[in-house]
Trainee: 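Quick one: structure below, then a few questions.
On a predicted model such as this, the values are computed, not experimentally measured, just so you know. To find a chain, count down the sequence lines: A is the first, B the second, and so on, and within it residues start at 1.
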Amino acid sequence: MTQELTEDGRPSGEPRAWADLVTAVGSLERASAPRWVWAHGMDIYPRLLAAGVRVERCHDVELTETLLLGYIGRWGEPRSVPAAWARLTGGPVPADKPIRAKETQPTLFDAEQPADPLGGVDPLKVLVAVHADQLRRIGETAAPGRFRLLVAAESAGALAAAEMGHAGLPWRADVHSALLTEMLGPRQAYGLPPRKLGELSERIAEALGDRKMHPDSPAELLKAFAKVGIQLRSTRSWVLKEVDHPAVPLLLEYKELYRIYTAHGWAWLSSWVHDGRFRPEYVPGGVVSGRWATRGGGALQIHKRVRRAAIADPGWVLVVADAGQLEPRVLAALAGDDKLALAGHSGDLYRALADEAFGGDRPRAKIGMLAALYGQTSGEAGALVAALRRKFPRAVDYVEKAAQIGESGGLVRSWLGRTCPPATSGWTGGSLDPEPVEEVSDSGARNRARGRFTRNFVVQASAADWALALLATLRPALTGIGVEGARPELVFFQHDEVIVHCRAEDAAEVTAVLEQSAATAGRVVFGDTPARFPLDIAAVECYADAK
DNA sequence: CGATCCGGCGCC
DNA sequence: AAAGGGCGCCGGATCG
């Protein structure tokens with residue numbers, strides 16, 4: 001069933017029955033390309049894509065419900081359409097289904113689900129009512145125009161996520177496998193580490209004089225080092241680097257190769273790469289800041305060294321675009337720090353910052369900026385932030401304020417209104433109950449950690465606002481390029497970076513559209529700001545050649 | 001035994 | 001004195 005709605009969410013005309021979902025959406029999309037209101041795009045849209053149906057716009061009710069609940073500090077409440085309906089009508093609120101539904105016996109959770117959570121009401125009517133109520137609640141936020149943008153961007157992001165999952169990132173399994181053999185030695189029988197790892201492991205054990213040593217066990221490593229008279233705080237690579245012992249360089253090499261073997265080795269290849277495409281499952285809104293997460297495949301942690309295997313189809317290229325120095329630029333826009341915004345006009349913001357406030361020392365300028373964004377105070381970071389503050393007080397004060405709000409129990413929002421989750425129960429700021437005496441000092445540390453979180457949230461989440469707006473702008477713009485059957489396709493998105501796969505002859509046009517989309521996203525999200533958000537763009541055959 | 005936590009490290 | 005945000009994934013260690 002479908003129901004046409006007016007702009008303010010009221011039904012217009014009668015519901016319409018269809019033979020099936022694909023026919024309904026396909027024909028209405030061709031006729032009028034409406035903004036689809038549906039429960040959850042990630043449940044519905046992949047099926048449509050599989051049947052060859054694309055849609056231009058949607059309002060994702062579940063994602064919107066999550067944003068609206070977060071806005072009023074009710075993080076974690078069920079966000080399904082039936083749950084929203086229950087809150088609206090005062091009924092019992094059904095719990096959300098677990099994200100990873102396992103094929104196991106019924107659990108207590110299942111038993112608690114009412115047989116009909118809508119109490120016999122027509123599901124279409126429920127959807128219409130919940131949507132209308134969402135529009136009303138959006139109108140009651142402090143900045144409804146921005147929140148509307150947030151909802152539109154979040155919904156468009158879900159469409160993009162499904163489309164990217166459908167397209168997949170071009171991936172050459174043969175190249176990847178050859179790369180692994182070159183780095184690790186030939187693949188061994190199941191369960192046996194490849195030759196180079198085995199050899200390194202033996203040499204490490206020898207160097208430490210402990211033949212049975214297993215280098216991927218931190219506990220064993222600590223013991224082995226203790227036996228040769230070296231007390232390690234941990235076995236992290238940056239700790240090991242401080243130590244002068246012949247086992248250390250071997251260990252560092254082992255760690256890097258072992259990481260590639262376990263995270264991006266042959267097992268990863270056979271699980272995640274099929275028919276020349278890497279298809280991760282993106283989870284829009286999977287991170288509280290609005291960044292995406294993935295389920296399996298680790299798409300957002302593709303090791304630089306295996307990007308060699310991401311290769312465009314013959315005659316096609318990967319147009320790789322990343323928003324360099326995005327977070328300081330976003331901070332400039334958020335804080336209205338025009339001086340910082342202007343520092344970004346030269347292209348290299350850190351260079352300009354260095355010349356302005358750090359006597360030309362770019363590394364220190366970068367550390368100072370990142371320390372302000374993350375709340376780092378150790379070493380000389382505190383002094384560098386202070387130096388930054390002297391020249392860019394508005395920017396630094398903006399994040400300091402966010403930190404204070406967090407430390408004293410408040411919530412902060414992104415520019416478009418995405419709200420951070422409340423502190424967990426372990427956190428004590430604003431609590432009426434005094435902590436037991438022995439935990440007081442610890443609660444101070446927790447509050448400061450909370451401050452670092454809210455400090456970073458305002459910037460990271462606003463950067464995510466911008467990135468989603470970029471995706472939302474880019475999606476429709478790409479459909480006009482190339483020829484039917486060979487359109488450019490969005491194939492990858494990672495926080496501040498997108499990859500478009502297109503015919504080589506379309507690369508220039510795609511590049512232009514990317515640049516326009518970045519500028520449009522900046523204007524739409526932040527309005528009148530001197531801040532710029534340039535993309536570094538490279539059209540390459542191989543992802544590894546983009547940087 | 002599986003489920004969960006933890007150390008470690010990859011990406012941004 | 002020290003004080004770096006957000007994730008996912010791996011293997012090992014530990015819990016129930």
Side-chain angles (χ1 to χ4, degrees), chain A residues 100 102 104 191 193 197 214-222 232-241 251-252 254-265 267-268 271-272 280-283 285-307 322-327 330-331 366-382 384-385 399 402-403 406-407 412 414 418 420-421 441-442 444-464 467 492-498 543 547:
Chain A
R100 237 179 280 221
K102 293 235 171 114
T104 51
L197 273 181
H214 210 213
D216 33 75
S217 164
E220 286 186 36
L221 264 181
L222 287 179
L232 293 172
R233 280 169 293 151
S234 76
T235 63
R236 293 188 179 102
S237 50
W238 60 271
V239 171
L240 289 169
K241 274 175 195 152
L251 250 176
L252 294 175
Y254 178 88
K255 277 170 179 280
E256 181 171 8
L257 293 181
Y258 183 71
R259 168 81 193 178
I260 289 171
Y261 170 60
T262 56
H264 289 288
W268 179 88
S271 303
W272 296 102
E281 190 185 345
Y282 293 101
V283 185
V287 179
V288 293
S289 65
R291 284 180 170 185
W292 292 4
T294 57
R295 257 197 292 274
L300 304 183
Q301 302 111 250
I302 303 175
H303 198 294
K304 286 254 187 351
R305 288 180 70 170
V306 305
R307 292 181 184 183
D322 87 276
Q325 308 167 338
L326 178 60
E327 296 198 342
V330 163
L331 175 58
K366 185 171 176 179
I367 292 170
M369 188 75 235
L370 294 178
L373 293 174
Y374 293 150
Q376 180 185 8
T377 54
S378 65
E380 62 171 352
L384 295 175
V385 174
V399 286
E407 286 191 28
V412 296
S414 75
R418 188 187 308 266
C420 75
S441 62
D442 191 38
R446 272 203 298 267
N447 288 351
R448 285 192 294 280
R450 176 71 183 171
R452 287 192 297 276
F453 169 68
T454 51
R455 167 197 293 269
N456 185 251
F457 183 94
V458 292
V459 179
Q460 186 183 119
S462 301
F492 191 63
F493 171 59
Q494 178 176 234
H495 313 317
D496 61 359
E497 174 180 1
V498 296
Y543 186 18
K547 281 176 186 169

Trainee: So, is A:Lys255 close to the B:dC9 phosphate, meaning a side-chain N or O under 4.0 Å from OP1 or OP2?
Mentor: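 So the side-chain polar atoms of A:Lys255 do come within 4.0 Å of the phosphate oxygens OP1 or OP2 of B:dC9, strictly under.
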Trainee: Is the shortest heavy-atom distance from the side chain of A:Gln460 to the side chain of A:Glu327 under 4.5 Å?
Mentor: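 Sidechains of A:Glu327 and A:Gln460: in contact.
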Trainee: Specify whether A:Trp268 and A:His264 have parallel, tilted or perpendicular ring planes, treating 30° as the upper limit for parallel and 60° as the lower limit for perpendicular.
Mentor: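 Ring orientation of A:Trp268 relative to A:His264: perpendicular.
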Trainee: Once you apply a heavy-atom cut-off of 4.0 Å, does A:Val459 come out as touching a base, just sugar-phosphate, or nothing?
Mentor: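 If one applies the 4.0 Å heavy-atom cut-off, A:Val459 turns out to touch nothing in the nucleic acid.
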Trainee: Determine whether A:Leu221 and A:Leu232 make a side-chain contact, defined as any pair of heavy atoms from C-beta on separated by less than 4.5 Å.
Mentor: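 No, every pair of side-chain atoms sits at 4.5 Å or beyond.
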Trainee: What's the NE2-C1' distance between A:His495 and C:dG5, to the nearest Å?
Mentor: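 It works out to 12 Å between those atoms.
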Trainee: Measure from the side-chain N and O atoms of A:Trp292 to the backbone N and O of A:Gly286, and report whether any donor-acceptor pair falls under 3.5 Å.
Mentor: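 Not a single qualifying donor-acceptor pair exists.
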Trainee: Without decimals, in angstroms, what is the distance between A:Ile302 CD1 and C:dC9 P?
Mentor: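 Atom CD1 in A:Ile302 sits about 12 Å away from atom P in C:dC9.
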Trainee: Polar-atom pairs under 3.5 Å, protein N or O versus N or O of nucleotides 13-16 of chain C: list them with distances, or write none.
Mentor:
residue : atom : partner  : partner atom : Å
C:dA13  : OP1  : A:Ser217 : OG           : 3.3

Trainee: Could you check A:Trp272 against A:Glu327 and say which one's nearest nucleotide on DNA chain C is further toward the 5' end?
Mentor: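 Mapping each residue to its closest nucleotide by heavy atoms, the 5'-most match is A:Glu327.
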Trainee: Of the options C:dG4, C:dC7, B:dC12, whose atoms approach the side-chain atoms of A:Gln494 most closely?
Mentor: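 Nearest to the side chain of A:Gln494 among the choices is B:dC12.
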Trainee: Answer yes or no: is there a side-chain heavy-atom contact under 4.5 Å between A:Thr235 and A:Lys255?
Mentor: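 Side-chain contact under 4.5 Å: yes.
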Trainee: Just call it for A:Phe457: base, sugar-phosphate, or nothing, with non-hydrogen atoms closer than 4.0 Å on any strand.
Mentor: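 No contact.
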Trainee: Does a side-chain N or O from A:Ser237 land closer than 4.0 Å to OP1 or OP2 of B:dC9, or not?
Mentor: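 A:Ser237 to B:dC9 OP1/OP2: side-chain N or O found under 4.0 Å.
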Trainee: Counting just side-chain N and O atoms, does A:Arg291 come under 4.0 Å of either OP1 or OP2 of C:dG6?
Mentor: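 No, no such contact exists.
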Trainee: Separation of A:Leu373 atom CG from C:dA3 atom P, in whole Å?
Mentor: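 After rounding, the reported distance stands at 19 Å.
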Trainee: With a 4.5 Å cut-off on side-chain heavy atoms, are A:Lys241 and A:Leu252 touching?
Mentor: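 With C-beta onward as the side chain, the pair touches.
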Trainee: Using a cut-off of strictly less than 4.0 Å, decide whether A:His214 has a side-chain nitrogen or oxygen near OP1 or OP2 of C:dG12.
Mentor: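 It does, given that an N or O in the side chain of A:His214 lies less than 4.0 Å from OP1 or OP2 of C:dG12.
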Trainee: Base, sugar-phosphate alone, or nothing: which one does A:Arg259 contact when heavy atoms must sit under 4.0 Å apart?
Mentor: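 Base, at least one base atom sits under 4.0 Å.
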Trainee: Using whole Å, report how far CG of A:Leu221 lies from C1' of B:dC9.
Mentor: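 In whole Å, B:dC9 C1' lies 14 Å from A:Leu221 CG.
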Trainee: Provide, to the nearest angstrom, the distance between the CZ atom belonging to A:Arg307 and the P atom belonging to B:dC11.
Mentor: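 After rounding, the gap between these two atoms is 7 Å.
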Trainee: Is there a donor-acceptor pair under 3.5 Å between the side chain of A:Arg291 and the backbone N or O of A:Ala464?
Mentor: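 Answer holds: no.
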Trainee: Examine B:dG8: is either OP1 or OP2 under 4.0 Å from a nitrogen or oxygen in the side chain of A:Thr235? Give yes or no.
Mentor: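 For B:dG8, OP1 or OP2 has a side-chain N or O of A:Thr235 closer than 4.0 Å.
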Trainee: When you check the phosphate oxygens OP1 and OP2 of C:dG4, does a side-chain N or O of A:Ser378 lie under 4.0 Å from one of them?
Mentor: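 It does, given that an N or O in the side chain of A:Ser378 lies less than 4.0 Å from OP1 or OP2 of C:dG4.
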Trainee: Do we see A:Tyr374 stacking on the base of C:dG5, given a limit of 5.5 Å between centres and 30° between planes?
Mentor: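 So A:Tyr374 counts as stacking on the base.
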Trainee: Taking any heavy-atom pair under 4.0 Å as a contact, classify A:Gly297: base, sugar-phosphate, or nothing.
Mentor: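 Counting heavy atoms under 4.0 Å across all strands, the contact made by A:Gly297 is with sugar-phosphate only.
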Trainee: If you compare all heavy atoms of A:Arg418 against all heavy atoms of A:Val288, which two are closest, and at what distance to 0.1 Å?
Mentor: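 Where A:Arg418 meets A:Val288 most closely, the heavy atoms are CD-O, 3.4 Å.
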Trainee: Under 3.5 Å, is there any donor-acceptor pair linking the side chain of A:Gln301 to the base of C:dG8?
Mentor: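 Side chain to base: pair found, below 3.5 Å.
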